[in-house]
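Let me begin by presenting the structure, written as structure tokens, before commenting on it.
Lettering of chains follows the sequences in order, A, B, ..., and the numbering in each one begins at 1. The structure presented is a predicted model; accordingly, all values stated were derived computationally and were not measured.
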Number of protein chains: 2
Amino acid sequence: MPSTQTDYPAFAVTVDLVVFTLRGGELNVLLVTRGEAPFAGQPALPGGFVQPSENLDAAARRELTEETSVHEVGGHLEQLGSYGDPDRDPRQRVVTVAYLALAPDLPEPVAGTDAAAAFWLPVAKAIELPLAFDHAQILADALERARAKLEYTNLATAFCPAEFTVSDLREVYEAIWGHPLDPRNFHRKLTGTAGLLIDSGKVRRDGPGRPATVFRAGPTTTLNPPITREP
Amino acid sequence: MPSTQTDYPAFAVTVDLVVFTLRGGELNVLLVTRGEAPFAGQPALPGGFVQPSENLDAAARRELTEETSVHEVGGHLEQLGSYGDPDRDPRQRVVTVAYLALAPDLPEPVAGTDAAAAFWLPVAKAIELPLAFDHAQILADALERARAKLEYTNLATAFCPAEFTVSDLREVYEAIWGHPLDPRNFHRKLTGTAGLLIDSGKVRRDGPGRPATVFRAGPTTTLNPPITREP
DNA sequence: TCAATAGTGTCTGTAAGACAGTATTGT
DNA sequence: ACAATACTGTCTTACAGACACTATTGA
């Protein structure tokens, strides 16, 4: 019996975003307040249906733009994984493809846009909230992914603007791992990895203290050997 | 306007499997020959539609059982990622969730079962084949994932039966990374990682040479620091 | 006895972690 | 001057990589 165009179960496919940023030295995640059932009024990850003509990455990037009102978010966007338990949405069968997005400090969501219902919340608080659907699990997985990738990639630069100092990077690590790092050894490790950081020639003065060299991200994206998380 | 059960694009959702095993010291992947259009007669990864009542992991495990005719495959099964380009299937919009499965040496597919069209092929050959859909990309991603995870996990044990020797493990690494490792340093590294290997008390005699201690996988699943791939 | 494989010891170079010390700023 | 931050040097320890050496087997 040949298969036809209809002899398969129909699914809805969505993308959900875990957008991390640093605000005031603390890791924050973008949440929305749901306006409709199910879970009306509850916090959730931003996301939406994949459109017929776009691929998954494009859907994620479109949602990111819509929800943040920022056109070129920069930073980093990668697929995290898919979640498709039969009862994860009580209305219908939905498979969601979760994405992890990392962004430099973004403006507050703007009223009068799709992003009006969106808000930043420190991750420490978000993981204690009863998020809609299975979003608590997705957030937990995203956090672990981000923590793990800091160890062996230059992912921390995605949280910074194009030009940054070694201290900026260290603060990213400290915020995400939740414990302080030795500034001297950290500096030696990062500046000692060839191709990771490019000296911009500039320096930055912030209050007292010796001015810091300003770098840009270089072609090297992996740290070998990695920085270990355990202190 | 409230959303209804129908105001979303309908997708088909499938799972595709990249099943790796070791046969004769060589990494092999399970392929099927497609019987229907599109890509009829071409090799493809095994897979199928997700059923309405099962979650993604269950669908992957079901397909694995069906395609290999082996009930408890053991080994390892993890989600690799999702692929959903609008034109990846010419018939309809299909999102596939790819899984990576690692198994000890499995029997040849049995005629008269769903697995009849399935066959093992060395990965080195498979990556040169024009696989159906975007399966070449999925296979490449799976291979890279497996190679990377050997560095910092005990994933190699998934290719071995419950009891194995250090040499067995080393052969897994050599097959997947494609270059020899120093048996002495490898032995010291693995036996020196606490909780990774449990001495079964037995030894194994294979031809000439001192008998090898037989181990089982221990509770430790990560290697820290990792084994580096570069020779 | 010899070849083969398992496992140990030892050396060298690299780099992490700890921390003293120097450099350069704002106040 | 002083506090604060950026950076450099030095010491110790851990471990990878190289490889000589011992242990235990089949032929």
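- Separation of atoms CG (A/Leu102) and OG1 (A/Thr157) is listed at 9.5 Å; rounding is to 0.5 Å.
- For the pairing with A/Tyr83, the side-chain hydrogen bond (donor to acceptor under 3.5 Å, both in side chains) check across A/Thr96, A/Asp16, A/Asp141, A/Asp134 returns one residue only, A/Asp141.
- A side chain to side chain contact (heavy atoms under 4.5 Å, CB included) with A/Leu197 is found for one member of A/Thr165, A/Thr213, A/Val166, A/Asn154 and no other, namely A/Val166.
- Here D/dG17 presents its P atom at 9 Å from CD1 of B/Ile227, a figure rounded to the nearest Å.
- For residues 179-194 of chain B, the salt bridge (charged side-chain N to carboxylate O under 4.0 Å, His left out) pairs, not counting sequence neighbours, are B/Asp182-B/Arg184.
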Donor-acceptor pairs under 3.5 angstrom involving side-chain atoms of residues 117-129 of chain A: please list them, not counting sequence neighbours.
none

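- For A/Glu163, the side-chain contact (heavy atoms from CB on, under 4.5 Å) partners two or more places apart in sequence, or in a different chain, are A/Ser200, A/Lys202, A/Val214, A/Arg216.
- Between B/Phe215 and A/Asp182, it is B/Phe215 whose nearest contact on DNA chain C lies nearer the 5' terminus.
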Would you list the protein and nucleotides 10-16 of chain C atom pairs, both N or O, that sit under 3.5 Å from each other?
from	atom 1	to	atom 2	distance (Å)
C/dA16	OP1	A/Lys189	NZ	2.5

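- Put simply, CG on B/Leu223 is 10 Å from P on D/dA16, counting in whole angstrom units.
- A centroid separation of less than 6.0 Å is found between the aromatic rings of B/Phe186 and B/Tyr173.
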* Return one dot-bracket line describing DNA chain D 5' to 3' (Watson-Crick or G-U wobble pairs, both distances under 3.5 Å; ( ) same strand, [ ] crossing, | another strand, . none). => |||||||||||||||||||||||||||
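- Residues of residues 152-171 of chain B that place a heavy atom closer than 4.0 Å to DNA chain C, in numerical order, are B/Ser167, B/Arg170.
- Applying the ring-ring contact (aromatic ring centres under 6.0 Å, His included) test to residues at least two apart or on different chains, the pairs with a partner in residues 130-162 of chain B are B/Phe39-B/Phe133, B/Phe133-B/His135.
- The pair B/Asp168-B/Arg204 counts as a salt bridge, with a side-chain nitrogen and a carboxylate oxygen less than 4.0 angstrom apart.
- Legend: residues meeting side-chain contact (heavy atoms from CB on, under 4.5 Å) with A/Asp105, ordered by chain and number and at least two apart, are A/Arg23.
- Between D/dA6 and A/His187, no contact under 4.0 Å exists linking OP1 or OP2 to a side-chain N or O.
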Would you mind writing out the side-chain donor-acceptor pairs for residues 220-227 of chain B within the sub-3.5 Å range, not counting sequence neighbours?
from	atom 1	to	atom 2	distance (Å)
B/Thr220	OG1	B/Ala194	O	2.8
B/Thr220	OG1	B/Gly195	O	3.4

Set out, line by line, the N/O atom pairs under 3.5 Å between protein and nucleotides 25-27 of chain D.
from	atom 1	to	atom 2	distance (Å)
D/dT25	OP1	B/Arg205	NH1	3.3
D/dT25	O2	B/Gly209	N	2.9

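- No donor-acceptor contact under 3.5 Å links the side chain of A/Arg204 to the base of D/dA6.
- Atom CZ in A/Arg184 sits about 14 Å away from atom P in C/dT22, given to the nearest Å.
- Partners of B/Ala175 according to the side-chain contact (heavy atoms from CB on, under 4.5 Å) rule, which considers only residues two or more places apart in sequence or in another chain, are B/Leu22.
- Among the heavy atoms of the strands lying under 4.0 Å from A/Thr213 are primed sugar atoms or P, OP1, OP2 only; no base atom is included.
- Listed by chain and number, the residues in a salt bridge (Lys or Arg N to Asp or Glu O under 4.0 Å) with B/Arg205 amount to none (sequence neighbours excluded).
- The distance from atom CG of A/Leu181 to atom C1' of C/dC19 is 16 Å, rounded to the nearest whole Å.
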